[in-house]
K.L.:
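I have a structure here, written as structure tokens, and I will follow up with some questions on it.
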Amino acid sequence: MGLLIGELSRHDRLYYQEDRPEVTDAEYDRLLRELRELEASHPALIRPDSPTQRFGAPPAEGFAEVRHLEPMRSLDNATNADAMRNFDARVLRELERGEPIEYCAEPKLDGAGVELIYDQGRLSVGSTRGDGHVGEDVTANLRLCPNIPLVLLPGRPIPERVSVRGEVALSAARFERLNAQRLERDQEPFANPRNAAAGSLRQLHDIDTQRLRSLEFRAYAIAIAIGAGRPIAATTQAEVLETLSAWGFAVSQPSETCRGIEAVIAYHQRLLADRNRMRIEIDGSVAKVNRLDDQAELGTLARAPRWAIAFKFPPQRETSIVLGIQAQVGRTGALTPVAELHPVRIGGVTVSHASLHNQDEVDRKQVRVGDTVVVQRAGDVIPQIVSVVTSKRPKKTRRYRLPRRCPVCRAKTVRLEGEAVTRCPNLDCPAQIKNNLRHLASRSALDVEGLGEKLIDQLVEGGLVRRFSDVFRLDAATLAGLDRMGEKSAANLIASLERAQDTTLARFLIGLGIRNVGTGVADLIAAHFGDLDPILSAGAEELEAIDGIGPTIAESVVAFFADPRNRAEVALLRKLGVGWKATAPKPRGPGPLAERTFVLTGGLAGMTRATAKERIRALGGKVTGTVSKKTDYLVVGSDPGSKLDRAKQLKVEILDEAALEKLLTD
Ligand code: IVH
């Protein structure tokens, strides 16, 4: 049995990692069948790492939520070498280093981020990134991904519990094959390998196991390792990758340890030259400060760490022809001209539409129907029309103007003076209602499973839903009478509406679709106020006092709740049962160190610099890397750097460690 497992694992590796299978699929299946039969007659001998164990039971209902042990953050982006040099300068300043920083440079994989938790070396939970804090439990699906170890190899000590992070992706070749297959079956092809990977992971019903088996995982981080006296041995990111490799993971390759930022830039250029030869699509490189203690010192912001940066590849460009221009009506009634293009492949993605944003943009670029245009795509950004090839303009083309009447409800459109946007002013316009509902039902808002686009269209077009609250008045009998709905799906929808009613204040705020209020902002507001009523009566000033909220956001929130129609709708939603648990509001007003800026220099004895920074920030203070006129305090440890001279020059108040401690505890 061991021999058979070894043999099958070798074929998995040849097939999925090295792309040079030695046996046919039929032969592979025969070996697998043989192993299954053996295991069936000796169930006690089934090994957890057996290839047959990859066929776990698919999740029966919706995915469970998994809270990540530590948030799965994003990365800051650079698009040119100078931005990389600026990043490096900041790192040098913050770490007060004279000599070049060592970086670990890796490819930036264009896939779906996942977290894998191993308990006692065995895969226990695998989840998607989700909103960064909470993802979906896709363990059963991930178990089918052939190069995810079900059991870690003991090549290095294994902590009791470890979280491995990486990207699940599809090779370009497999992506093409999958799409060809889908077209044959009359299914919509995937727009890019990343979507195909994420979509595969999130399959719930009628799981296509073949699709899962063609996924590939590449590990790049160990997020947390708790182990009774068995921490991971790594002190650098390069060693983290080695450890991951020793545990049996395929890691993001080719990685390189680079001394200084110029070496990182050179690595990036080499990667760019090889871009289209990579097995898995990459959209840039990632530079990480190599030493883990330096990473800790630099720290992490809410969205992204300060010790890493993504250096993105330039967008890829192609030419295409504008087949038409349509005006789309968005959630806020804004009319957006969208160019329909002759489908063109750009860097592995089929592009058939590009936004022209607004009338000014159309005028500036002079785009007309029939034009040949240069189209570019940059990562996950919506494709853009860069310019028109005017020499190729056919005769008899006409300027494009946004329509005078809303294409959906025929209301007269308006464009206010000084504004770029043309709007449909009709709040009851079906297009606005539909988009608002889609937003309300979306995963980051109330997450109403089963309330999809087609159903929303029917509900709004049939006049069953005119505003949010109508959704919570729907009954199963009405729903069951709709197209493509039966009693079962109607009952399911009613059940998921009931589940969705029990929400959080932040999700509710997101769902309302207040302009400029996305997940991060909603979290801040919800944490600050704890419940809705104080938000309803808050003025712009109080909102602006929240760290992270500026005047634009504050005004949008105040304007939204000042509208009696919105207040009435909110009251109605609550009456119909939409609710959340109120939390204790955070102490009002800014922290005791608000508006005070600190700079640290030299080593501290009683705490690490990372801790010092955290404690200052917790009290509302700011920590920056350079001494300037705006600096209030310079905290001086042993062996201070040149910052001390500069602080003396600028007459900045100087604190020693004891004085800092006093300030932090008083
Ligand atoms: S490190 C704390 N390394 O890119 C940040 N991320 O745009 C840890 N990604 O969320 C991320 N390749 O999903 C890292 N070699 C790589 C990566 C990588 C792709 C993804 C990852 C991240 C996103 C940020």
Side-chain angles (χ1 to χ4, degrees), residues 68-79 83-84 87 91 103-116 126-136 138 142 163-171 192-195 197-198 201-202 215-225 234 236-245 249-258 264 267-268 271-272 275 278-290 292 294-313 348 378-381 519-520 610:
H68 298 304
L69 293 183
E70 201 190 296
M72 287 181 79
R73 294 193 169 79
S74 188
L75 289 169
D76 281 336
N77 285 334
T79 49
M84 293 298 286
F87 165 77
V91 170
Y103 291 101
C104 180
E106 304 166 14
K108 184 168 186 313
L109 304 159
D110 199 1
V114 299
E115 169 170 69
L116 304 172
S127 55
T128 59
R129 177 166 187 265
D131 65 1
H133 299 278
V134 179
E136 292 143 312
V138 287
L142 280 169
S163 146
V164 173
R165 278 149 185 212
E167 214 74 2
V168 164
L170 218 64
S171 75
N192 56 39
R194 184 203 314 176
N195 285 358
L201 275 187
R202 300 190 51 232
L215 292 175
E216 303 194 20
F217 178 74
R218 294 282 184 281
Y220 50 68
I222 300 175
I224 189 166
T236 60
Q237 167 66 12
E239 285 169 19
V240 165
L241 294 179
E242 279 166 29
T243 303
L244 286 166
S245 242
F249 291 98
V251 295
S252 59
Q253 266 181 333
S255 67
E256 207 172 286
T257 308
C258 299
V264 172
Y267 164 87
H268 178 84
L271 205 60
L272 181 57
R275 175 181 201 171
M278 304 287 284
R279 255 178 75 76
I280 292 180
E281 233 194 298
I282 54 178
D283 55 352
S285 61
V286 183
K288 303 175 180 176
V289 170
N290 199 25
L292 302 183
D294 286 345
Q295 292 184 2
E297 155 122 40
L298 287 159
T300 291
L301 297 176
R303 202 190 78 87
R306 298 153 73 119
W307 43 262
I309 191 159
F311 190 177
K312 303 282 281 239
F313 286 154
D380 46 9
V381 179
T519 315

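Counting convention: from 1, in listed order, for ligands and their atoms alike.
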K.L.:
Are any of the N/O atoms in Val286 less than 3.5 Å from those in ligand 1?
P.N.:
no

K.L.:
Can a donor-acceptor pair be found, under 3.5 Å and without considering hydrogens, that links the side chain of Asn290 to the backbone of Thr257?
P.N.:
no

K.L.:
Can you find a heavy atom in the side chain of Val286 that is under 4.5 Å from one in the side chain of Tyr220?
P.N.:
no

K.L.:
Considering non-hydrogen atoms of the protein only, which is the closest contact for atom 24 (C) of ligand 1, and what is the distance?
P.N.:
Leu75 N, 3.6 Å

K.L.:
Any nitrogen or oxygen of Arg73 lying under 3.5 Å from a nitrogen or oxygen in ligand 1? Just yes or no.
P.N.:
yes

K.L.:
Could you identify the single nearest non-hydrogen protein atom to atom 12 (N) of ligand 1 and state the distance to 0.1 Å?
P.N.:
Leu109 N, 3.0 Å

K.L.:
When you measure from the side chain of Thr128 to the backbone of Glu136, do you find a donor-acceptor pair of N or O atoms at a distance under 3.5 Å?
P.N.:
yes

K.L.:
Is it true that the side chains of Glu106 and Gln237 contain a donor and an acceptor less than 3.5 Å apart?
P.N.:
yes

K.L.:
Could you check which of Arg165, Lys288, Glu106 puts a non-hydrogen atom nearest to atom 15 (N) of ligand 1?
P.N.:
Glu106

K.L.:
Can you tell me if Arg129 uses its side chain to pair, donor with acceptor, with the backbone of Gly113 under 3.5 Å?
P.N.:
no

K.L.:
Please confirm whether Ala308 comes under 4.0 Å of ligand 1, counting heavy atoms of the residue only.
P.N.:
no

K.L.:
Are any of the N or O atoms of Pro107 closer than 3.5 Å to those of ligand 1?
P.N.:
yes

K.L.:
Does Glu167 approach ligand 1 within less than 4.0 angstrom via side chain, backbone, both or neither, non-hydrogen atoms only?
P.N.:
side chain

K.L.:
In the structure I gave you, are the side-chain heavy atoms of Tyr103 and Val91 within less than 4.5 Å of one another anywhere?
P.N.:
yes

K.L.:
Please state which protein non-hydrogen atom is closest to atom 21 (C) of ligand 1 and give its distance, to 0.1 Å?
P.N.:
Tyr220 OH, 3.0 Å

K.L.:
Any side-chain heavy atom of Leu116 sitting closer than 4.5 Å to one from Phe249?
P.N.:
yes

K.L.:
Return the residue, atom name and 0.1 Å-rounded distance of the protein heavy atom closest to atom 4 (O) of ligand 1.
P.N.:
Lys108 NZ, 3.2 Å

